[in-house]
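Here's the structure, in structure tokens; my notes come after.
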4 protein chains.
Amino acid sequence: MSPRRRDSASTAAARAERRAELLAAAAEVFALRGYAVTTVREVADAAGILGGSLYYHFDSKESMADEILSAFLTDMWAAYEEVLDAGLGARETFRALIGASFQTIDHHRPAVVIYQNESKHLTTNPRFSYLLDSQQRFREVWLSVLDRGVLDGELRADLDTGLIYRFIRDTVWVAASWYRNDGPLSADEIARQYLAMVLEGILQPKEF
Amino acid sequence: MSPRRRDSASTAAARAERRAELLAAAAEVFALRGYAVTTVREVADAAGILGGSLYYHFDSKESMADEILSAFLTDMWAAYEEVLDAGLGARETFRALIGASFQTIDHHRPAVVIYQNESKHLTTNPRFSYLLDSQQRFREVWLSVLDRGVLDGELRADLDTGLIYRFIRDTVWVAASWYRNDGPLSADEIARQYLAMVLEGILQPKEF
Amino acid sequence: MSPRRRDSASTAAARAERRAELLAAAAEVFALRGYAVTTVREVADAAGILGGSLYYHFDSKESMADEILSAFLTDMWAAYEEVLDAGLGARETFRALIGASFQTIDHHRPAVVIYQNESKHLTTNPRFSYLLDSQQRFREVWLSVLDRGVLDGELRADLDTGLIYRFIRDTVWVAASWYRNDGPLSADEIARQYLAMVLEGILQPKEF
Amino acid sequence: MSPRRRDSASTAAARAERRAELLAAAAEVFALRGYAVTTVREVADAAGILGGSLYYHFDSKESMADEILSAFLTDMWAAYEEVLDAGLGARETFRALIGASFQTIDHHRPAVVIYQNESKHLTTNPRFSYLLDSQQRFREVWLSVLDRGVLDGELRADLDTGLIYRFIRDTVWVAASWYRNDGPLSADEIARQYLAMVLEGILQPKEF
DNA sequence: TATGAATGAGAGTTCATTCAT
DNA sequence: AATGAATGAACTCTCATTCAT
């Protein structure tokens with residue numbers, strides 16, 4: 001390997017790493033304070049540099065949000081695909097998707113918070129139209145799982161699956177708002193209890 | 001009776017009515033576009049007047065949000081108090097609180113959306129500290145109902161009540177984001193299905 | 001006429017007048033210091049208001065330049081059209097166009113300076129593509145006059161008309177850079193001497 | 001001779017050559033896009049290096065413009081001096097100065113464009129006060145030639161020599177904007193036709 | 001010689017707010 | 001009650017410049 005190549009290799013890597021650091025800082029602040037309300041100076045402060053310096057690495061505040069959300073969605077869909085490709089039954093698919101969701105929250109917590117809070121406003125911008133695409137695909141995946149569950153007799157037929165879908169959509173990501181790596185409950189444990197709640201309800205079973 | 005006096009007599013009522021109109025317009029826009037991102041000109045446009053004219057009626061953009069949220073919380077707590085004062089059992093209290101919540105959504109939809117989306121950011125402002133108070137009280141009420149339900153043997157003991165609480169907190173208001181008066185499901189019907197989901201789960205009961 | 005109508009009429013007029021004042025100030029500063037280098041605060045200073053206040057009247061710095069240049073070109077072409085529609089001979093058309101040019105300079109001096117100095121850079125912006133259109137049309141008009149003059153035997157045939165055209169194009173507007181209403185030479189006198197120079201040259205005629 | 005010493009020896013020449021290359025690139029870009037609007041990154045791009053690297057060779061963007069313009073003016077004045085020292089008559093001096101001007105354009109085209117477009121703005125900076133000096137001297141030289149021509153009976157007396165001077169000043173350099181080495185007209189041919197126009201006018205001589 | 005990350009002043013623009021009318 | 005012009009602070013972004021490597 002020529003020094004030149006090693007140089008440019010390590011440079012490219014170093015650059016990517018720096019970007020990742022800055023994006024992590026940005027995601028944290030966007031999640032905490034809200035994207036619209038966060039100034040790029042605040043992001044820079046969090047990263048320990050000056051406002052203008054961010055523009056050496058990124059085109060705009062918008063592209064930071066873009067990269068943060070894209071990375072999250074890419075990972076999430078990779079995890080979802082893996083589940084969907086496994087050919088499991090409706091119920092197991094359900095469990096696995098929930099598990100994948102909480103794992104994604106574990107890895108992209110601030111991004112999920114941003115996704116949850118800012119999607120509605122960001123999607124007015126064509127640049128973020130992929131958020132809409134993703135939402136639509138998310139809906140299709142979940143509705144198909146729910147409908148299959150009802151057909152298979154595994155899920156109750158007396159509930160509107162559209163309502164169940166919204167219920168799941170609105171609850172699955174919201175955990176990112178309060179979840180902490182270092183909290184008392186692990187991602188897996190939260191997923192387990194979440195599943196128990198959603199599948200079996202919170203009533204004492206003897207009630208039936 | 002001079003026209004002037006009659007004018008000023010009717011003015012008090014008229015003024016209140018105008019304020020209500022303007023607040024309704026403001027709430028709609030804040031809910032739709034987000035409080036931080038909405039300009040007071042947009043609010044004024046929605047009300048058919050010019051930006052500066054709003055300041056005849058309100059001190060600031062902030063006080064509009066304040067009034068909108070206060071009115072919502074006042075009504076909500078009135079409904080909650082009525083339920084809590086009825087001395088019902090844990091399970092019936094649970095049902096009734098959920099019903100009251102969806103009724104409140106029905107009456108204050110835009111306010112609830114604002115509450116859901118903006119509380120986190122607004123509470124950094126001392127003026128909105130009552131939001132924190134309300135949230136704390138909300139938590140106490142629900143935790144006490146849940147704990148009582150567990151003690152009475154009506155609710156499962158294997159779930160973290162803190163988790164159930166967060167689950168309810170995060171889902172109960174979110175319906176405001178998609179709920180429509182003129183949609184296919186009434187507030188009562190949504191409350192019924194929501195209760196069924198949360199209490200009994202979405203699995204086919206025979207599964208047990 | 002209802003008071004309402006008179007009101008809105010006088011309002012519209014007042015607004016237009018204010019815009020005109022501000023545009024005059026802007027044109028002066030743009031001409032003096034250069035468009036790119038002039039800050040909108042400088043324009044505002046010249047108008048006696050604050051930077052932000054300009055945005056009540058104009059969308060952007062760009063639209064100020066746009067309005068200034070459009071107004072100039074509109075007037076210039078009106079004057080040119082009048083000349084071209086008069087059906088004069090080549091030589092008289094030549095004289096009249098030069099006269100119209102200097103009249104336009106007299107009325108739009110700063111705009112002409114801006115046109116002269118900034119066209120090249122502004123035309124990279126699609127918004128100002130009309131400058132290119134105007135330049136092309138200007139070229140067509142002048143070349144046709146020159147070619148006709150040569151055909152009619154009124155203009156020398158041993159000079160490249162393309163060169164003459166460029167010569168005229170580059171000199172006719174440049175007077176705006178030093179011309180002053182209150183200077184020793186009137187617009188008409190300058191036009192007369194300019195014509196004499198261009199038509200007859202600066203040599204003593206007896207020389208031939 | 002140590003390699004070090006040989007290095008530094010060749011460095012002096014190499015450095016000068018590199019500077020010349022960079023200045024040529026800078027002049028081209030400044031001329032094309034405008035000095036104020038050109039970023040030093042654009043200059044660097046044109047030279048195939050990075051923005052910061054220019055500062056190894058030059059103190060500032062300003063000094064690049066400075067060197068570019070100084071070199072042009074030095075050469076121009078050398079050519080002018082040669083003409084003035086030749087002790088020719090007014091008319092021959094006139095011809096020779098125009099010739100020298102077009103030769104200078106031929107050798108310093110981008111610099112002349114910059115000179116033409118940016119002088120007005122640059123002269124607000126004391127560093128470029130030599131531009132003002134040069135302009136004043138230019139004026140003196142030309143006025144003296146013109147006045148001598150009138151006195152000698154070679155130039156018409158019915159035209160304001162101040163106006164003729166401005167006319168020449170404004171037209172002589174402007175050719176740099178469209179002149180091309182590889183165009184159909186050589187510098188000498190342009191000078192010839194320019195002289196014909198200015199001296200004899202564009203009318204058919206028989207007209208007199 | 002050149003790189004690349006960072007600086008920091010200043011640009012155009014936005015917007016809640018004020019106030020004379 | 002409402003208008004419309006203006007304010008002024010704050011924002012995103014640009015760019016000449018610096019400097020360790």
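None of these values were measured; they are calculated from a predicted model. Numbered from 1 within each chain, the chains take letters A, B, ... in sequence-line order.
Proximity of a side-chain donor or acceptor of A:Ser63 to a complementary backbone N or O of A:Asp66 within less than 3.5 Å is not detected.
A salt bridge is absent between A:Glu28 and A:Arg33: the closest approach of a Lys/Arg side-chain nitrogen to an acidic carboxylate oxygen does not fall below 4.0 angstrom.
DNA chain F is contacted by both A:Asp59 and C:Leu22; C:Leu22 maps to the nucleotide lying nearer its 5′ end (nearest heavy atom per residue). Along DNA chain E, the nucleotide closest to C:Glu62 and the one closest to B:Gly51 are compared, and the more 5′ of them pairs with C:Glu62. Between A:Thr39 and C:Gly52, the one whose closest nucleotide on DNA chain F sits nearer the 5' end is C:Gly52.
Between C:Arg18 and the phosphate of F:dG4, there is no side-chain N or O to OP1/OP2 separation shorter than 4.0 Å. In this structure, D:Ser53 reaches the E:dT3 phosphate: one of its side-chain N or O atoms is under 4.0 Å from OP1 or OP2. Phosphate contact (OP1/OP2 of E:dA5, side-chain N/O of A:Tyr56, threshold under 4.0 Å): present. Checking the phosphate oxygens (OP1, OP2) of E:dG4, no side-chain nitrogen or oxygen of A:His57 falls inside 4.0 Å. Checking the phosphate oxygens (OP1, OP2) of E:dT13, a side-chain nitrogen or oxygen of C:Tyr55 falls inside 4.0 Å. The side chain of D:Arg41 places no N or O atom within less than 4.0 Å of a non-bridging phosphate oxygen (OP1 or OP2) of F:dT17.
Protein atom CZ of C:Arg15 is 10 Å distant from nucleotide atom P of F:dA6, rounded to whole Å. Taking atom CZ of residue B:Phe58 and atom P of nucleotide E:dA16, one finds them 15 Å apart after rounding to whole Å. Protein atom CD of B:Glu21 is 14 Å distant from nucleotide atom C1' of F:dA2, rounded to whole Å. For the pair C:Asp45 CG and F:dT7 C1', the computed distance is 14 Å after rounding to whole Å. Rounded to a whole Å, the CE atom of B:Met64 is 9 Å from the P atom of E:dA16. The nearest whole Å value for the distance from the CG atom in B:Leu54 to the P atom in E:dC15 is 15 Å.
Using a 4.0 Å heavy-atom cutoff across all strands shown, A:Thr38 reaches sugar-phosphate atoms only and no base atom.
In this structure, of F:dA1, E:dT13, F:dT3, it is F:dT3 that holds the atom nearest to the side chain of B:Leu50. Candidate nucleotides F:dT3, E:dA6, F:dT12 were compared by shortest atom distance to the side chain of A:Ile49, and E:dA6 ranks first. Comparing E:dG12, E:dG4, F:dT7 by their closest approach to the side chain of C:Lys61 singles out E:dG12. For C:Val40, counting side-chain heavy atoms from C-beta on, the closest listed nucleotide (E:dG12, F:dA1, E:dT1) is E:dG12.
F:dC11 is paired with E:dG12 under the criterion used here, namely a Watson-Crick or G-U wobble arrangement in which both key atom distances are under 3.5 Å. Nucleotide E:dG4: paired with F:dC19 (Watson-Crick or G-U wobble, both distances less than 3.5 Å).
What you find for B:Val37 and A:Ala36 is that their closest heavy atoms are CG2-CB, 3.8 Å. Closest heavy-atom contact between D:Ser119 and D:Leu131: OG-CD1, 4.1 Å.
Within 6.0 Å of atom CZ in A:Arg41, 12 or fewer heavy atoms from other residues, nucleotides or ligands are found, so the atom counts as exposed in its surroundings.
Checking each of D:Val29, D:Asn117, D:Leu122 against D:Tyr35 for a side-chain contact (heavy atoms from CB on, under 4.5 Å) leaves exactly one that passes, namely D:Leu122.
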